[in-house]
Amino acid sequence: MFLINCPYCGEREQSEFSCGGEAHISRPKNPPDTSDDQWADYLFMRKNIKGVQFERWNHSSGCRQWFNVVRNTSTDEILGIYNMGEAIPEIDGENPKTPSGEPEIGSGNISTSFKKK
Amino acid sequence: MHKKPKRYSIFSLIRNALSYHENWQPAWRSPEPKKEYDAIIIGGGGHGLTTAYYLAKNYGLTNIAVLEKGWIGGGNTGRNTTIIRSNYLWDQSAGLYEHALKLWEGMSQELNYNVMFSQRGVMNVAHTLHDVRELKRRWHANRLNDIDCEWLDTNKVKEFCPIINTSQNIRYPVLGATLQRRAGTARHDAVAWGYARGADAMGVDIIQNCEVTSINVKNGQVSGVETTKGQINSKKIGVVTAGHSSVIADMVGIRLPLESRPLQALVSEPVKPIINTVVMSNTIHAYVSQSDKGELVIGAGTDGYISYSQRGGFNIVEDTIAAVVELFPLFSRMKMLRHWGGIVDICPDASPIVSKTHIKGLYFNCGWGTGGFKATPGSGWVFAHTIANDEPHKLNAPFTLNRFSSGELVDEHGAAAVAH
Ligand SMILES: Cc1cc2nc3c(=O)[nH]c(=O)nc-3n(C[C@H](O)[C@H](O)[C@H](O)COP(=O)(O)OP(=O)(O)OC[C@H]3O[C@@H](n4cnc5c(N)ncnc54)[C@H](O)[C@@H]3O)c2cc1C
Ligand SMILES: [Zn+2]
């Protein structure tokens with residue numbers, strides 16, 4: 001559980017929000033020329049990243065606005081928030097060293113740290 | 001060759017009691033990895049260990065290593081609420097899960113290891129008209145597939161599980177339930193340990209504290225892995241890493257349709273036997289049973305976002321407890337003792353992926369999400385077949401990665417009750 005700083009309402013509990021999943025996935029531009037594999041990739045395949053993820057959130061029990069969040073999925077630490085349609089912001093730091101590395105401390109998986117640029 | 005492990009029996013128990021339990025043989029060896037194996041299994045959870053066990057037992061492949069980054073059974077295998085059932089809706093799933101349930105029925109004898117499999121029945125409760133229709137549909141589908149299933153009306157539910165609240169004045173009253181009597185629970189750690197011991201006895205190397213950090217591929221064929229214990233070569237690699245499957249797939253540029261999310265469970269203080277079965281409710285999202293130690297074992301839902309933090313939200317636990325207390329008001333003053341999370345790999349159609357890949361010799365077994373414990377023996381059985389023959393077994397043929405392109409999804413969402 002964590003807090004999300006809604007750009008419109010301020011800091012609220014995560015349970016007020018709904019996650020819309022990975023951001024910056026765009027629909028194939030030319031449907032008739034898109035193969036089954038390309039459709040599968042667009043519809044189903046996900047980065048499911050352990051580390052810095054760019055994702056969409058909706059303040060569903062609040063102002064109901066969409067926005068993008070940068071979050072470290074191994075610690076749930078939020079590194080940035082930006083508007084829909086904006087380019088991916090730059091984030092300093094590295095994804096967890098050992099790819100499936102479990103935590104240095106407790107079960108929080110704090111094996112890396114990220115800084116906002 | 002290593003010393004064959006001694007069988008457990010009443011005599012070995014007495015003999016070891018007389019020597020103050022100081023001479024028990026370790027249940028499996030802890031060897032250093034060899035340079036090369038005929039097959040490598042990444043992930044020492046239940047599914048990885050059963051894969052190794054059946055590769056050795058059914059296909060005579062004994063020069064195998066199971067590589068586990070932590071300790072065996074430390075992943076979801078040791079974190080789940082141990083519900084075992086086979087009452088799935090679709091034929092494909094019914095085949096896979098029923099095959100597993102049959103293996104559960106002979107497991108303790110086969111392994112000479114008590115996995116405490118208890119067929120106390122699983123009741124899936126309906127609270128709305130829609131639930132009733134869904135569950136009755138599943139009941140009929142199960143009967144057509146020769147899977148035992150009964151429909152209980154509200155009175156029969158009360159008769160079977162007397163402590164359940166059947167008042168019609170609650171927000172989600174009990175309108176009936178399906179009951180699978182052959183379903184039940186088992187001791188999860190024992191499953192990992194029993195299969196580890198069985199695999200080890202046939203010569204399989206179980207290597208703990210050995211994390212795979214990359215996979216080597218030469219000309220479209222796997223050649224081995226890099227690990228925290230050095231390079232280990234093999235031309236066949238089976239990946240069975242549950243919540244971390246996408247991380248491993250990313251090492252070789254394979255994309256999977258998975259999302260990894262926290263799923264939580266909690267147990268109460270131990271009390272005398274009070275609940276005789278497993279009660280599951282999809283609509284209000286509660287499921288509860290009682291362990292042999294007397295603790296209530298309660299499962300919560302997943303968080304709605306990707307996370308590898310192994311910690312879920314408190315609001316999820318709160319909702320679960322609210323639902324359990326409405327169904328069982330007498331639990332309202334029980335204290336909860338422990339609470340934890342696991343990272344589950346959720347597939348868009350809530351069905352697993354047990355599949356070859358476009359890289360030769362590389363196989364994936366994942367996507368079991370919130371409900372793969374029940375499949376542990378069956379999953380290893382069909383995955384061993386897939387690895388040994390480079391072709392899926394007929395039971396896992398519908399569960400390939402290809403189905404996401406062909407559109408032949410096995411949609412068990414909703415149909416399968418809470419997906420546990
Ligand atoms: C709270 C909870 C409740 C559940 N309840 C039920 C239930 O009631 N019934 C049911 O049927 N299912 C249930 N499940 C789901 C079930 O636990 C899983 O589907 C099943 O245990 C998966 O087994 P596995 O062997 O594939 O995964 P795991 O046991 O997670 O094993 C995967 C292993 O891979 C290892 N690994 C990962 N990365 C690497 C690497 N790079 N190198 C080496 N090793 C690595 C991990 O350390 C781990 O031990 C539940 C899950 C949770 C979390
Ligand atoms: Zn808002």
Side-chain angles (χ1 to χ4, degrees), chain A residues 1-4 12-23 25 34-58 60-61 69 71-78 95-103 105-112, chain B residues 42-43 68-70 74-75 211-215 227-228 241-251 254-262 303-319 340-343 345-349 358 366 401-407 409:
Chain A
M1 175 146 217
F2 45 89
L3 299 171
I4 298 177
R12 300 292 170 86
E13 281 184 13
Q14 173 272 319
S15 57
E16 284 189 18
F17 300 81
S18 311
C19 186
E22 191 179 319
I25 297 177
T34 304
S35 71
D36 289 351
D37 284 344
Q38 285 165 326
W39 277 117
D41 197 77
Y42 160 70
L43 282 170
F44 299 121
M45 303 302 161
R46 295 293 176 263
K47 287 188 183 140
N48 193 24
I49 210 156
K50 179 167 185 170
V52 174
Q53 157 152 298
F54 302 92
E55 58 192 16
R56 301 171 306 168
W57 283 82
N58 179 259
S60 47
S61 300
V69 170
R71 186 170 56 93
N72 178 357
T73 61
S74 66
T75 57
D76 289 338
E77 185 189 3
I78 291 183
N95 281 333
K97 275 265 173 345
T98 60
S100 51
E102 280 327 283
I105 326 163
S107 61
N109 247 321
I110 321 253
S111 52
T112 49
Chain B
I42 308 178
E68 165 55 50
K69 74 173 165 155
E211 175 168 4
V212 171
T213 52
S214 66
I215 296 179
T227 76
T228 46
T241 50
H244 279 84
S245 301
S246 301
V247 178
I248 306 275
D250 190 47
M251 293 174 184
I254 290 180
R255 275 162 68 75
L256 295 174
L258 300 175
E259 289 202 339
S260 295
R261 301 181 181 190
D303 287 277
Y305 49 85
I306 290 171
S307 175
Y308 290 83
S309 69
Q310 215 116 263
R311 286 189 294 202
F314 290 125
N315 55 314
I316 306 275
V317 177
E318 195 177 350
D319 290 348
W340 64 90
I343 301 302
D345 42 338
I346 298 184
C347 225
D349 58 355
H358 71 267
C366 57
L401 250 177
N402 241 351
R403 73 178 188 269
F404 297 95
S405 299
S406 70
L409 304 187

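Residue numbers start from 1 in every chain, and the chains themselves are labelled A, B, ... in the order their sequence lines are given, proteins ahead of strands.
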If you count heavy-atom pairs under 4.5 Å between each of [options] and chain A, which one has the most?
options: B:G312, B:S260, B:G341; result: B:S260
options: B:F404, B:Y305, B:F314; result: B:Y305
options: B:A249, B:S307, B:S406; result: B:S307

Measuring heavy-atom distances to chain A, does [X] have an atom under 4.5 Å in its side chain, in its backbone, in both, or in neither?
X: B:I306; value: both
X: B:N315; value: both
X: B:I254; value: neither

*Is there a donor-acceptor pair under 3.5 Å between the side chain of B:S309 and the backbone N or O of A:S74?*
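Such a contact is absent between B:S309 side chain and A:S74 backbone.
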*Backbone N or O of B:Y308 within a donor-acceptor pair of the B:R311 side chain at under 3.5 Å?*
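Judged by distance alone, no pair lies under 3.5 Å.
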Closest heavy-atom contact between [X] and [Y]?
X: A:N48; Y: B:S246; answer: ND2-OG, 2.7 Å
X: B:L258; Y: B:C366; answer: CD1-SG, 3.9 Å
X: B:S405; Y: A:D37; answer: OG-OD1, 2.6 Å

*Leading residue by heavy atom contact count with chain B [cutoff under 4.5 Å; candidates A:M45, A:R71, A:E22, A:Q38]*: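 Most heavy-atom pairs under 4.5 Å with chain B: A:M45.
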*asked:* With a 4.5 angstrom heavy-atom cut-off, is it the side chain or the backbone of A:F2 that approaches chain B, or both, or neither?
replied: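 Side chain of A:F2 only, per the 4.5 Å heavy-atom cut-off to chain B.
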*So which part of A:Q53 gets closer than 4.5 Å to some heavy atom of chain B, the side chain, the backbone, both or neither?*
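Contact with chain B is through the side chain of A:Q53 alone.
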*Between A:L3 and A:E13, is a side-chain contact (heavy atoms from CB on, under 4.5 Å) present by the stated rule, with each step listed?*
CA-CA 5 Å; A:L3 299 171; A:E13 281 184 13; 4.1 Å; yes
*When you look at B:C347 and B:R403, which way does the side-chain contact (heavy atoms from CB on, under 4.5 Å) test go after all the steps?*
CA-CA 12 Å; B:C347 225; B:R403 73 178 188 269; 3.9 Å; yes
